[in-house]
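Source: prediction; values computed, not measured.
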Amino acid sequence: MYQDLIEQSKEFNANPKTIDNYQIFYINLHEAIKKANKAYYEDSNPIMDDSSYDILLEAINLLKENRKLYGISVAQDEYLWDKEGEVEHKAPMLSQQKVKDEKGILAFIKSVKEFSNTCDFVIEPKFDGLSIELVYEDGVLKDAVTRWNWHIGESVMRSIQYIPTIPQKLNWDFNWVLSIRGEVILPIDKFLTLEKKNSNPRNLASWILRTLEPNVEHCKLLTCYAYDIIFNDTNHQEIKTQEEMHSYLQTLGFNVHDFFVKKNASELASFLINEEQAEWLQNQDIEMDGYVVKVNCLDTQKQMWFTGHHPKSSFAFKYQGEQTTTKIIWVTWQVGKSGILTPVAELEPTKLWGVIIKRATLHNMDFIIAKGLHINNYVYLQRSGDVIPYIVWVDESKAQKNLEEITFPTLCPTCKERVVDKVCCNSRCPSKIMGKIMQVVGKNGFDLDWFGNELVQLVTEKSQLSSPCQILELERYIEVLEQEQGYGDKKIYNLRNSLSKLVKTPQSLENILVAYNIPLVNRGVAKILVWGMKTQPKTFDELQLWLFDEKNYKDLYGIGEVLAKEISKKANSVEMCMDKIVFETIWLQIAEQKQWTSNFHFSITGTFSEGRNEIVKKLEEKGAIFHASPSKQCNVVFVWAEAWGSKLEKAQKLWIPLVEGDEALWDYVKTH
């Protein structure tokens, strides 16, 4: 529809002299962007992809910045929006400047150094959802406004009240106005249950949120991540960094996504321009299209200020988007740790963003049916989140010949045992065991060195392991390794050493729970379970009994009946009993650990020798809950002996016990 204008804009951005009539070019750009904004934000039906929109936006901004040079007159009403039904934001909701490569990163670092030479950076995921402003008065949610532009948006309060991760009342007593910025998202697994042809999670989330008569059940599928405070009419908080802001948002009751902190330019650049980060994005259940980098120090953010379009103290790093067409030549099926079969499209090799793509996940049969996919279909392929190979839809412009229906297998492709309800029922299926082994030894479990995919696959196939925890019984498969090329004495020594550290190093209760391989239990759920324990189980059997009774945790926030039943089922399974011997060995190392429950709340003020963030991390690992500022919920405030300021004054007014100094802090931890 706008392809000619997009190509014209590309040429203009590279060489402004390519345009004959700048005034007509400006009018065309203005009209196209206005229609694109309406289609994307209001109709939830985009008429162009993000990269094309960015090209047009870059061109119109270049024209505006140099209007005198190009001899154009810009209309007094420069809004690229129809303003009917608008609601004003409490404070500007700005966009992010875009950086595409290492050169742009270094230019940003240079601009930061004009204000601070010692600044570190917070890296947050860039969500592909709907920006939202949540307005609280006296701690109660009063309005929720989408972002049309920096100045105005649309109220969606009618739907927002049903989203579980948005608190209707904050965990704090307020008597002022507070405005929070976040992103409303439809997780991919929820999207696949509702998906319509040619839709995507963002558009479907927009439709659910903006409909005049909300579907309550659909609204409950949405989630929200908060990441910023954009308006606050009082200086009630001594928040100095972006990190502290995240902690404060969590204290208030908001959902906050994982983020990263990098100390300098080289760390920042190597993080962003790294395929591991693409893998991290791929493993998330929500769509992301890059990262947002922010200066951590809030004072530096204020000094750098902002333009009419974006803050100067942050930028968005988006992985370049691109589409191509290819052909589905076959469909294979992968078996996960829980036995669920996932279809994978085998494609005619095609180059996308400099990478040869041969495969793309088809998620499940609902996805296949919704897209109308068959073997031998020609399809549009893009990198979802600009990273993951993703089939967008069938390319109807090409002839579709010799189409074959994609059918669900009746036998497991790995072990050839029967499939029931789309799940392999064989508990000894090598693919299931390998997936579970990686859960035990990988980063989400015990994080063992030297236990990679290659080793796990070799041992699983040749030693015929029947339980994932048998990977920890090195002597069972030492003979197999000695016969394999590349596994000499040094490698075997490293494996022994890694296992020895596991037995000798205290493991957190969260690690134990994650390593159980309970379906749907990730580290976040494990943390909730630990917090829900009134007392730490003294033995492995006590833990198993606690898990067996779903009444112990089904009412915990974030668990629910479905997950509770899965946990209870796992705790009473034969597989759990087979893992018991190995886990009891590890259990001896956690018996002496003090585990607080969610009843223990603390705050901290002043500069401790070990560092504030390290102290908070250690205490949170024990189950304690950190408050960025003292509140009535706090059991104690840890204070450096020479500390002073608003936090200390507030703690004294609330009569919260104070523990002063480094030694006193850790003495308190040991005895409570």
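In this pair, His218 and Trp207 present their aromatic rings tilted. The plane angle is within the 30 to 60° band. Ring-plane geometry between Phe271 and Phe260 is classed as tilted, the angle between the planes lying from 30 to 60 degrees on a 0 to 90 degree scale.
To the nearest 0.5 Å, atoms OH (Tyr378) and CG (Leu403) are separated by 10.5 Å. Here His257 contributes atom NE2 and Tyr225 contributes atom OH; the two are 4.5 Å apart, rounded to the nearest 0.5 Å. Here the OG1 atom belonging to Thr118 is positioned 8.0 Å from the CG atom belonging to Asp120, to the nearest 0.5 angstrom. With rounding to the nearest 0.5 angstrom, the CH2 atom of Trp393 is 10.5 Å from the CG atom of Asp395. A distance of 8.0 Å separates CE of Met157 from NZ of Lys142, quoted to the nearest 0.5 Å.
For Ser116 against Cys119, the heavy-atom pair with the smallest separation is OG-N, 3.6 Å. The minimum heavy-atom distance linking Ser159 with Ile208 is given by the pair OG-O, 3.8 Å. Pairing each heavy atom of Ala32 with each of Leu5, the nearest pair is CB-CD2, 3.6 Å. Nearest approach of Ile391 to Ala360, heavy atoms of both residues: CG1-CB, 4.4 Å. What you find for Ile105 and Leu268 is that their closest heavy atoms are CG2-CD2, 4.1 Å. Arg359 and Thr332 make their closest contact through NH2-OG1, 3.3 Å (heavy atoms, listed as atom of the first residue, atom of the second, distance).
Phe121 has its ring centre no less than 6.0 Å from the ring centre of Phe317.
For the side chain to side chain contact (heavy atoms under 4.5 Å, CB included) with Phe191, the lone residue among Leu221, Leu186, Ile286 that qualifies is Leu186. Paired with Ser179 under the rule side-chain hydrogen bond (donor to acceptor under 3.5 Å, both in side chains), one option of Glu133, Lys90, Glu137 passes, and it is Glu133.
By the 4.5 Å heavy-atom criterion applied to side chains, Val122 and Thr241 are not counted as neighbours. The side-chain heavy atoms of Leu347 and Ile328, taken from C-beta on, include a pair separated by under 4.5 Å. Between Val99 and Val293, every side-chain heavy-atom pair lies at or beyond the 4.5 Å cut-off. When side chains are defined from C-beta on, Gln242 counts as touching Gln301, because their heavy atoms get closer than 4.5 Å. Looking only at side-chain heavy atoms (C-beta outward), His310 and Lys98 stay at 4.5 Å or farther from each other. Two residues are said to be in side-chain contact when any heavy atoms from C-beta on lie closer than 4.5 Å; Leu178 and Leu170 meet this criterion. Side chains of Tyr162 and Asn215 form no contact here, defined as non-hydrogen atoms less than 4.5 Å apart. The shortest side-chain heavy-atom distance between Ser9 and Phe25 falls under the 4.5 Å cut-off.
Under 3.5 Å, the side chains of Lys398 and Thr325 contain a donor-acceptor pair of N or O atoms.
Looking at Glu124 and Lys294, a side-chain N of the basic residue comes within less than 4.0 Å of a carboxylate O on the acidic one, giving a salt bridge.
Other residues, nucleotides and ligands place more than 12 heavy atoms under 6.0 Å from the NZ atom of Lys262. The environment of Lys169 atom NZ is dense: over 12 non-hydrogen atoms of other residues, nucleotides or ligands sit within 6.0 angstrom. Under a cut-off of 6.0 angstrom, the local environment of CD in Glu102 is sparse, with at most 12 non-hydrogen atoms contributed by other residues, nucleotides or ligands.
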**Q.** Residue pair Cys224, Glu183: steps toward the side chain to side chain contact (heavy atoms under 4.5 Å, CB included) verdict
**A.** CA-CA 5 Å; Cys224 179; Glu183 198 93 357; over 6 Å; no

**Message:** Does Ile185 form a side chain to side chain contact (heavy atoms under 4.5 Å, CB included) with Leu222? I'd like the steps, not just the answer.
**Reply:** CA-CA 6 Å; Ile185 296 161; Leu222 301 174; over 6 Å; no

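With hydrogens and angles disregarded, no donor-acceptor distance shorter than 3.5 Å links the side chain of Asp128 to the backbone of Arg202.
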